[in-house]
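The analysis underlying the following values was restricted to heavy atoms, covering all of them including side chains, and did not include hydrogens, waters or symmetry mates. Chain A is the first sequence line, chain B the second, and so forth, proteins listed ahead of strands; every chain is numbered from 1.
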Amino acid sequence: MAGRLDVLVCSGGACMSSHSLEVKEELVRQLEAQRLADEVRIVETGCMGPCQYGPLVLVYPEGVLYKNVAVSDVAEMVAEHFLKGRVVERLLFRSETADQIVREHRSIPFFEKQMKIVLANCGAINPESVEEYIGAGGYEALGKAVTTMTPEGVVAEMKASGLRGRGGAGFPTGTKWDFVRREASPKKVVVCNADEGDPGAFMDRAVLEGDPHTVIEGMAIAAYAVGAQRGYVYVRAEYPLAIKRLRSALEAARKLGLLGDRIFDTAFSFDIEIRVGAGAFVCGEETALLASLEGRRGVPHPRPPYPSTSGMWQLPTLLNNVETYANVRHIIARGSAWFASIGTGESKGTKVFALSGNVRNTGLVEVPMGTTLGELVYDIGGGVPNGKTLKAIQTGGPSGGCIPVQYLNTPISYETLKELGAIVGSGGVIVLDEDTCMVNLARYFVEFTASESCGQCVPCRSGLVRMLDILDRITRGEGSMEDLALLEELAHTIKRSSLCGLGQTAPNPVLSTLKYFRGEYEAHIRHKTCPAAVCAALFVAPCEASCPAHVDVPAYVTHLSNGDFAKAFDVHMKTNPLPGICGRVCYAFCETKCQRAQIEESVAIRDLKRFMADYAMEHQLAGPKPGARNGKRVAVVGSGPAGLSCGYFLAQRGYEAVLFEALPIAGGTMATGIPAYRLPRDILEADIDRIVKTGVRIELLSPVEDLGRLFADGYEAVFVATGAMKGQTVALGETLPRGVVTGVEFLKGIHVDGASEVGDEVVVIGGGNSAIDSARAALRLGAKRVTIAYRRAKADMPASPEEVAEAMEEGVEILDMTSPVGVVGGERVEGLRCASMAAGPFDASGRRRPVPSDRPEIVLPASMVIVAAGQEATGELLRGAGIEVAKGGLVAVDPVTMGTSRPGIFAGGDATSGPATVVEAIGAGRRAAIAIDRFLGGPGAFEPEERAEVATDYDEDAYTQEQARAVPPMAEVRTRIRSFAEVRGRFAKEQAIEEARRCLHCDRQQTEDGACCESSASLAAEAKTR
Amino acid sequence: MLRVVCVSGRGGEDAVGLGECPVVRDLADGGDLVDKLRVKIDGRTILAAPGKTILEVAEENGIHIPTLCHLDGLRDVGACRLCIVDLYGQLVTSCTTKVADGMEIGTQTETVRAYRRTILELLFAEGNHVCSFCVSNGGCELQDLACELGMHSVRVPYTYRRERVDATHPRFLIDRDRCVLCGRCVRVCQEVEGAHTWGFAERGVTARVITDLAVPWGTAESCTSCGKCVEVCPTGAIARKGASNAEMRKHPELVAELTERRARG
């Protein structure tokens, strides 16, 4: 009986664990209270798909989908919507691009690109009602098949459809059916594989829980086609709800005569039994499954013989996956031609994917084959949350492989994924962001398959635990390059010589991560580092690991939390002598890895550093004293962060370091490229001064033209830190009118020459911090209107989000998807012609490449155009010394010794990497100082002191409760744009101490055996007993 | 004298005597030349009777393929993976794969030899296979394989397991440190003796053979003490009590004999 309103409450597994049943019960209560119980019908359905947003409630006839419905929301929903017709907007989905609510559920981006065939009824009908199933067209296909088609005809249709097994192997379904049909045996069996063992796979579960009859109907059609009388569904024991719903569906079907004797009054008789698994992943393998069905040990046997010839009880057996059967009735009802019109050449139809991992919209999605990986992750999945970047996509679970971001345009099909070294598999898709360690990921999957190995064949049983052992040791920093070679060899041996699919595919995650992320393995082995800051044995804490200068963040923050500001400063100076500067402008890699973000937000590490540096400056703290002079001299070309850092650490070692600076001011890009409202001059000078006081000499207005001269003058080594100070241009035309400058020139002009003419309208081209700096500086120099034109989407801008936000607050307009094509103007620039762009296919960086759209060109009026679209180095100095210089003027150096191809000449910072960050240059400078020391006969590495954890003197537990991140005072917008006075303020002392106490002291987690936490420790203990 | 130029390539000066050529022997047994399949093994064309496995055909023609879990007279399971051969680039176990007309098989390719070697190393490292104080020293199939495959070192660390020896049976004992999980004991007890005493339990590296429902062997009521498991065990795992270091010698060939006799009735 339909109601005025049909309220569908999702009761798929995920929503149930989010208390959707309590929501439903509250709905019943509220409807009673509002006397609507007769008009409103509540239906409990199967999985609706966007599991991230459960509990979900779908209201018809409007088709409004409510998300994250709490029990406390129900009263409002009933009173406002059901009674008064006013939809409760705060519970609706919002579209990410337009930031609008989406009312009709099919227009929600998550659903727009999906095509539901297998999941057609899931989330739309009550799975416990066979009447609803029939009402939605169910069992018509079975009727059509047994009353109007021959078994051969059914098989022919299945063949023509192109359907391939959805369990993972992708074998042509119609062909398999034909094999069984052709066997001359009066007794045959049809089996449904509902073991679904892959971690991260839950599509079969959703079908069984949400639409069990579709599987029953599919099996019955199959039985008719191949000549079987009995069917079995082998369901894993861990799916009790699926078992319950299937059982009641079978009973209902039998009652209606859709199973049992003489179905639809024909000679066809067929019935199905449920058999429950006993917790073995290997029983998803067909021969092991059949053994288990027979009551024997669930171990596979070599094939041939195949189940189609000799399967259950040695009878010809058809074995297919749940999803495969769920497609059957649609093919028979709508025809093979319809099915074959969906998908790609070799992979027809749709596929259900279980999206999980670091993606906004986790859940079940069904898309036509041929949908690209990028569409799946971004358009449907909503992209990677929390501002993280996509690293790779793992498909096919423990049998599959990972696919890096360069392949986002790949249309999904059995062939394309196989070519990339992955598999479609059962459809598990795990999205991995930058915080994923690929070595640890491979280890995780091998740990799973090793524990699930049946033990029959030697390579899988014995080889996988050996692979696991090697991976364990690599993640603990105990691996060697020989281990890596052995790992690979074992992987190939196991893959090719194992008895069954488990062993044959278990090495895939290792092989695919080695293929695309070999560098990560080598970093763990050669450099004992984990680039993603996951393998805890290899670092002090994630913040320290991600810092390019490896500042001991937990130590200095803990000192701050104790109020020991001077001690904090000393710790910082050990690896980074520019705390004042970094406290203002550092990119703060540490904050991107800060584990506090799991509670509310990362600790405000940079602001704490600023507080500490200001304290040090005000109290004139000098930092460590330089070492006794050893009489050797080292020349440094450039006084930017790399040069200053190198000079400082050389002086600590007793060298006389002299910095040669071409400009009249010291500081490199920090002085010429970063405006004072971000980095006040006195702070910059205080940091540099402190370094000079340790005996480092800076010669201003002293450009170096010939490196050989320096050696002639008695310097024993040279460190080239000339940066990347040449602004890149953008193609705007052959000759350019006046007023078109690069960002580098513009900013340098302000800081060195004091030049300041900007005119009224300034347009800045670019999306990085340099573009933002140029824009905000132009505003302060009197421009009435400042616009930034960026060719990609705003979310793709490389500038830090805070900078972008501050710029917009100040009135800078950001036009994204706007690409400059030419200038307007005679002698002086008058405007900038821009093409409007659209988001095209993904490029190798994982971002959508801008392509010209069909919107017309626009002309932005401009009295000045600033091109801040990248920088490069010049490289002349090194070429002159016979050192090879690559594209962009960059010089190649050994990553450990920082040495160039000429002994004695070292290089670091932007000159080698291209434009990067201040802290990366500082790290490079320190590494170079160590390398130069070794080159000149010294010990090289600084003696590693025993790292002492800093104890706290307050109640740490009190600070693990939710406590918002402290925000420093900010200068008011209208006043701040009139000058270059500093915009961001500083914490008060108590504020700083409180904020520092939010630190979770991640440096403390290591136990004695180097395990990072309890579960890892128990694994290590377990491994010892293997 | 009749010169037999065999299609298997052994012609000319190396012509075998009539009695040795398997094709002729088969014909003499009443076989039919027309039914034979032609396969190529290591480049040699060989005639084979349908229904035979690659292993059988190879052995008949003097081509040796290493095995461990295979035993004439018992069902083949393809578990140890030592008998793998290259079949059109795929690796298959020769003991379980029946020959088909036109097959091209490589038994000694570089890959196959390398993988056999690795598998053997994994076997040695998995248990506690120290020959110098083992009852089967000198009469052990695992040891023989090591010699045959030239295994002079093992690239993975030994685990040096310490399983308890089960000596509760009055005449026999099992030292699970030496067990290679070949399953021959399980199969002979099922297929030849019919007692079903031996079985497998658990999985992966924790898999082991058990008697009855994992009770001490001496209390396993189904055991008939026939001793067939002792004879078929390829290593010193299942042993006769009273044999000391290097004294144990076994007769696994009795299984084939028994099976054959029973078939003949």
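- With a 4.5 angstrom heavy-atom cutoff, A:Leu486 touches chain B only via side-chain atoms.
- Using a 4.5 Å cut-off between heavy atoms, A:Leu464 does not touch chain B at all.
- Interface check for chain A: of the options B:Leu82, B:Ile84, B:Thr97, B:Val77, the most heavy-atom pairs under 4.5 Å are formed by B:Val77.
- Contacts with chain B were tallied for A:Arg303, A:His492, A:Glu489, A:Glu452; A:Glu452 has the most, counting heavy-atom pairs under 4.5 Å.
- Across A:Pro302 and B:Gly78, no two heavy atoms sit closer than the pair CG-CA, 4.3 Å.
- The candidate from A:Pro304, A:Gly463, A:Pro459 with the greatest count of non-hydrogen atom pairs under 4.5 Å with chain B is A:Pro459.
- Sequence neighbours left out, the pairs with a member in residues 109-120 of chain B that pass side chain to side chain donor-acceptor pair (under 3.5 Å) are B:Arg117-B:Glu121, B:Thr118-B:Arg155.
- Of the atoms belonging to A:Arg496, heavy atoms from both backbone and side chain fall under 4.5 Å from chain B.
- When the candidates A:Ser462, A:Gly298, A:Gly455 are compared by the number of heavy-atom contacts under 4.5 Å with chain B, A:Ser462 comes out ahead.
- Atom NZ of B:Lys98 has 12 or fewer heavy atoms from other residues, nucleotides or ligands within 6.0 Å.
- Between B:Pro157 and A:Arg466, the shortest heavy-atom distance links the atoms O-NH1, 2.7 Å.
- Across all non-hydrogen atoms, the minimal contact from B:Leu123 to A:Arg461 is CD2-NH2, 3.8 Å.
- When all heavy atoms of A:Val458 and B:Cys80 are compared, the pair lying nearest together is CG2-O, 3.7 Å.
- The contact between B:Phe200 and chain A is made by backbone and side chain atoms together, counting heavy-atom distances below 4.5 Å.
- Proximity to chain B (any heavy atom under 4.5 Å) is shown, for A:Glu482, by neither the backbone nor the side chain.
- Counting heavy atoms of neighbouring residues, nucleotides and ligands inside a 6.0 Å radius, atom CD of A:Gln314 does not exceed 12 of them.
- Open room surrounds CZ on B:Arg162; 12 or fewer heavy atoms of other groups in view lie less than 6.0 Å from it.
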task = Go through B:Leu122 and A:Leu490 one step at a time and tell me if the side chain to side chain contact (heavy atoms under 4.5 Å, CB included) criterion holds.
result = CA-CA 10 Å; B:Leu122 288 172; A:Leu490 283 172; 4.2 Å; yes
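- Against chain A, the residues from residues 178-197 of chain B that qualify, each with a non-hydrogen atom under 4.5 angstrom away, are B:Val180, B:Leu181 in number order.
- Interface check for chain A: of the options B:Thr93, B:Thr96, B:Val156, the most heavy-atom pairs under 4.5 Å are formed by B:Val156.
- Interface check for chain B: of the options A:Ser498, A:Ala450, A:Pro305, the most heavy-atom pairs under 4.5 Å are formed by A:Ser498.
- Only the backbone of B:Ala201 comes within contact range of chain A, judged by heavy atoms closer than 4.5 Å.
- When the shell of 6.0 Å around NZ of A:Lys515 is examined, it contains more than 12 heavy atoms from other residues, nucleotides or ligands.
- Counting heavy-atom pairs closer than 4.5 Å to chain A, the top residue among B:Gly199, B:Gly204, B:Ala114 is B:Gly204.
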